[in-house]
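One structure below.
Counting from 1, the numbers follow the sequence of the chain as shown. Remember, it's 1-based here, ligands and their atoms both numbered in the order they're listed.
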Amino acid sequence: MTELKSRITAAIAAAEKKPWNAFRLVMGESALRQAEELEKREGPLPLRGIPVAVKDNIAVAGVEMSCGSRLLEGYVPPEDAEVITRLKQAGAVILGKTNLDEFAMGSYGLRSAFGPVRNPLDPLRCAGGSSSGSAAAVAGGIVPMALGSDTGGSVRIPAAWCGVIGFKPSWGAVSRRGLLAHASSLDAVGLLAGSAADCGRFFDAVAGFDPGDATSFDPEPKARGVSGLRIGIWREQLLLADTPAQKAVLEAARLLERAGARVLEISCPAVILAGETYVVLAAQEAVSCLARFDGLRFGRGGEPTPALRTRLMGAEVRGRLCLGSALLSMEELAPLRRGALCRRSEIRQELERAFREADLLLGPTTPGPAPLLERAGDAGEERKADALTVVANLAGLPALAFPLGEAENMPLSVHLMGRRGEDRTVLRAAMALEEGRGAR
Ligand code: GLN
């Protein structure tokens, strides 16, 4: 057997054991076929023979996509998502679909209709969500790269808790065609990888304008060098984290400084309201994004009555749709609705000001390490976990979670955020962190 085929066979075997409940479906036969076809393709390909796992809310033609929900069970998309087409062109092998919180609503990885995902570093802890299966598949060494989606932190939170890299590109820098929409103005296809260099290659393969997604664009082709880069430590975000996570941020600042960057402190107080703003906007948008599951076209949603269909959704999804519908239709709630839009523009303006002083903003990705399963799931706690990550979605900015530091024998993570379109500068800084961490 060729080296390529044996690599893919090993990945299939590892995934088929369904460790940590990370995989919903393994595409064994198709992955082997892809490997065979690859062997006939000549020339260098940037991701030749790399097995990639795909969050089960991104369409792969002919492969069931259930989005962690009973409602969509049995739905088979007819076309590949644009990111899948690009990955195949780059020589990657699509290995299977990964488990997620139902309709990507969650931060812990506990809300899939097909059971929770466990953390490969400690199975008594959460993997984080909602791209839980993808993060576990990378952290557990089954694949070096996986696709996720990030509406409010769903790639960065599980990356942080599983000790891998999670990157949410600028809004539109990667096509969303074929990603099941959760809240379109916040959604991004996200990347999970074991190293910053891999994450960079992964991004190069999928990024850029797609005529099938009118909101897509080409990000800056060149990265700014780290030398001379101004890194702003974000005071308000730092204060939301526990002491070990704060220390990790200071350590990241030191590593970047050693690579030639200049470190300063930045204040951006309006972002303290980002969590609430996100809850209102995401719930409202989810109502229109999920309205297409009306029982006429997709999966088991074809149940005879709306009441039966609703029963196929989990409590969280139902709750958010109720909240969103109320916000959209009740006059008494109009101030909340308008307030969220105002705060979103305030947050954007504040960040614009911050990015005049700094080129990158640095903070913690999550306040602490992955919680124990038995302690997770509380809605208030969940909002806390999201508070640090939703800002990047509200402002459409590129943001990356980088594993650094430790608490309770689990990894911690620092968060780098850049200007819209400067995705490659964020990735370059992550590479500098990786080099600095290795050289320590
Ligand atoms: N945790 C957030 C939520 O529950 C973010 C989800 C996401 O990014 N998809 O909505």
So Leu360 and Leu256, side chain to side chain contact (heavy atoms under 4.5 Å, CB included) or not? Walk me through it.
-> CA-CA 11 Å; Leu360 290 179; Leu256 289 168; 5.7 Å; no
Check step by step if side chain to side chain contact (heavy atoms under 4.5 Å, CB included) holds for Ser66 and Phe114.
-> CA-CA 10 Å; Ser66 46; Phe114 310 107; 3.5 Å; yes
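Once rounded to the nearest 0.5 Å, the distance linking CG of Asn119 with CE of Met410 reads 4.0 Å. Rounding to the nearest 0.5 Å places CG of Leu362 at 8.5 Å from CG of Leu238.
Near Gly152, the atoms of ligand 1 lying under 4.0 angstrom from a non-hydrogen atom of the residue are 5 (C), 7 (C), 8 (O). For ligand 1, the atoms closer than 4.0 angstrom to any heavy atom of Gly106 are 1 (N), 3 (C), 4 (O), 6 (C). Atoms of ligand 1 lying under 4.0 Å from any heavy atom of Asp386, numbered from 1 in the order shown and given with element: 1 (N), 2 (C), 3 (C). Per-residue contacts place Ala104 under 4.0 angstrom from the following atoms of ligand 1 (heavy atoms of the residue considered): 6 (C), 7 (C), 9 (N). Those atoms of ligand 1 with a heavy atom of His182 less than 4.0 angstrom away are 9 (N), 10 (O).
Ser149 does not count as a contact of ligand 1, since none of its heavy atoms falls under 4.0 Å from the ligand.
One finds no salt bridge joining Asp101 and Arg111 here, because no Lys/Arg side-chain nitrogen approaches an Asp/Glu carboxylate oxygen to under 4.0 Å. Ion pairing between a basic and an acidic side chain is recognised when a charged N comes within 4.0 Å of a carboxylate O; Asp198 and Arg201 show such pairing. Lys247 and Glu251 are not joined by a salt bridge, as no carboxylate oxygen comes within less than 4.0 angstrom of a charged side-chain nitrogen.
When heavy-atom distances to ligand 1 are checked against a 4.0 Å cut-off, Ser130 comes that close only through its side chain, counted from C-beta outward. At a heavy-atom distance under 4.0 Å, only side-chain atoms of Arg320, from C-beta outward, approach ligand 1. Contacts between Thr151 and ligand 1, counted as non-hydrogen atom pairs separated by less than 4.0 Å, involve both the backbone and the side chain.
An N or O contact shorter than 3.5 Å is missing between Lys55 and ligand 1 by distance.
Between the side chains of Thr98 and Ser134, at least one donor N or O lies within less than 3.5 Å of an accepting N or O.
Comparing Ser154, Ser131, Gly129, Gly148 against atom 6 (C) of ligand 1, the shortest heavy-atom distance belongs to Ser154.
Considering only non-hydrogen protein atoms, atom 5 (C) of ligand 1 sits nearest to Tyr278 OH, 3.2 Å.
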